[in-house]
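Down below is the structure, laid out as structure tokens.
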Amino acid sequence: MISLSDLKKFKADGRKFSCLTCYDASMAKAMEIAEIDTILIGDSLGMCIQGRDSTLPVTVDDMVYHTAAVRRGNQHAFILTDLPFMSYATLNDALISAKAVMQSGAQMVKIEGGEWLSETVQVLTRNGIPVCVHLGLTPQSVHVFGGYKLQARTREAADRLIADCKAVVEAGAAVLLLECVPAQLGKEITELFPEIPVIGIGAGVETDGQVLVVQDMLGLTFGRVAKFVRNFMKEQAGETAIVDAFKAFHVAVQDGSFPAPEHTFQVEL
Ligand code: KIV
């Protein structure tokens, strides 16, 4: 099983690592077979799994349920789990929430924010809970940002974000995740912290790891997709491979070609 030390070694060796979101055991097993290095049980499950329009309604119980399912399906990847909206608003909440997801199989928790989380990072780390801090576009603050937009567009804003990174790293953050920031900033932050693996999503090619939401990269996000998404399913199997399989099943049931004899138990009774 990949550990935090492995991620640090990957960085030291210049070996990039892969990360996908995952929420269930069968997808987790597929990722184990594909040797995906890192899995994020993201609170994006609010949209991908629960059909909500933001991550805000997701609860710690949801994260625990999906983390346990993923861990059962995958014994290879390093697993980090989001602490959802308002579940780390106080130090006590942070400890209770982090305890629950760590006991369900996570190896690290991820929280969204900046310098103001320093004490939270310190307390969690002291209690044996490794922390990843998610900066840049932080979806739990979508209503503060007024939408999902590129962050740190000016030198001044980029320097503020770098100061946030320095503060949380100083407090003990072991991994940083940067979302939707200019590629130059992704590179600067990755180079600034030689011992801290930096994962990017829409943060350019220079970060140590890359993460995508699994539904996005499989072409299962219907409607608007972000500029940083690449649909790998389309490249491997065609535009709508999964929808096409559903359609073929529907037609085969209707025309009676499924189940065929090889899918049928023929026992004389
Ligand atoms: O919840 C999530 O899937 C995330 C990724 C977008 C990084 O935080």
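As the structure lists them, so they are numbered: ligands from 1, and atoms in each ligand from 1. Residue indices begin at 1 and follow the sequence shown.
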Exercise. Going by the angle between their ring planes, with limits at 30° and 60°, are His66 and Tyr23 parallel, tilted or perpendicular?
Worked result: perpendicular
Exercise. Side-chain donor-acceptor pair under 3.5 Å between Gln50 and Asp62, yes or no?
Worked result: yes
For this session: Test the Arg15-Phe17 pair against the cation-pi criterion, namely NZ or CZ under 6.0 angstrom from the six-membered ring centroid and within 45° of the ring axis.
Result: no
For this session: Considering non-hydrogen atoms only, spot the tightest contact between Thr190 and Glu206 and give its length.
Result: CG2-O, 3.4 Å
Exercise. From Gln103 CD over to Thr67 OG1, what is the distance, rounded to the nearest 0.5 angstrom?
Worked result: 12.5 Å
Exercise. For the atom pair CD1 (Ile79) and CE (Met102), what is the distance rounded to the nearest 0.5 Å?
Worked result: 11.0 Å
Exercise. Listing by chain and number, which residues have a heavy atom under 4.0 Å from ligand 1?
Worked result: Thr21, Leu40, Gly42, Asp43, Ser44, Asp82, Lys110, His134, Leu177, Glu179, Ile201, Val213
